[in-house]
Amino acid sequence: MKKICVFCGSSLGKQNIYKETANELALFMAKNKIDLIYGGANVGVMKVIADTIMDNGGKAIGIMPKLLVEKEVAHEELDEMHIVSSMAERKELMIEMSDAFIALPGGFGTLDEISEVLTANQLRISDKPIGLLNIDNFFTPLLNFIDHCVSEGFVRKEHRRNIIVSSEIDDLIDKMDQYQPLSMGKWIDDIKQESSSN
Ligand code: AMP
């Protein structure tokens with residue numbers, strides 16, 4: 001993995017551990033020559049991770065829609081900045097340019113991005129690993145909800161297993177390195193069969 005797209009909060013969150021772990025991830029990426037792709041902002045955890053990677057010899061690439069640049073939240077010092085026309089185009093370019101995705105704690109923007117890449121994997125528009133860094137169990141309620149979606153028959157078990165989770169950076173990256181994309185055929189056949197038998 002040469003380029004990892006990190007989804008994270010445009011806020012800092014209430015606990016210091018969010019910022020500290022973003023710093024640790026940035027140091028890990030700089031040390032291992034992994035470029036950061038992210039939303040391009042100069043606010044919240046987004047700014048923390050970009051600044052730390054650049055201060056430690058790594059590379060930060062921002063992808064930002066014009067409307068956010070106009071709101072003056074663009075980070076002016078990045079190694080590269082791609083300005084796109086919409087939030088949808090931003091996510092498309094993030095998927096195209098990155099080798100993998102890691103989500104840190106965040107809000108709706110982060111949840112939207114996680115959901116986008118999980119759906120793209122499910123539809124095999126993308127087959128890149130997706131990891132959630134479960135800092136202080138931040139994502140556990142979301143994972144519980146996804147388990148509920150599985151038990152209610154709306155998310156397939158194999159797609160739930162597609163979500164890579166760890167509370168440790170090294171372990172998350174190891175698991176992401178070992179990721180084997182799912183083949184699409186079977187579950188589409190299953191869905192068609194389920195629908196035709198009702
Ligand atoms: P949130 O989790 O709601 O704070 O949103 C953060 C995520 O959504 C980031 O990964 C960004 O790509 C995108 N995003 C949301 N708000 C902003 C912002 N003010 N500036 C840049 N990107 C943002």
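We count ligands from 1, going down the list as the structure has it; atoms in each ligand are counted the same way. These figures come from a predicted structure and were not determined experimentally.
- Surrounding CD of E77 are at most 12 heavy atoms belonging to other residues, nucleotides or ligands under 6.0 Å away.
- Closer than 4.0 angstrom to ligand 1 lie heavy atoms from F7, C8, G9, S10, G39, A41, M46, M64, L68, V73, R90, M94, G106, G107, F108, G109, T110, E113.
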Is there a side-chain hydrogen bond (donor to acceptor under 3.5 Å, both in side chains) between S167 and N134? Walk through the geometry before answering.
CA-CA 4 Å; S167 56; N134 199 14; over 6 Å; no
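- Salt bridge annotation for D147-R160: present, with a cationic side-chain nitrogen under 4.0 angstrom from a carboxylate oxygen.
- In this pair, Y18 and F138 present their aromatic rings perpendicular. The plane angle is above 60°, beyond the 30 to 60° band.
- Heavy atoms of other residues, nucleotides or ligands lying less than 6.0 angstrom from CD of Q15 number more than 12.
- Shown here are the salt bridge (charged side-chain N to carboxylate O under 4.0 Å, His left out) partners of K19, two or more places apart in sequence or in another chain: there are none.
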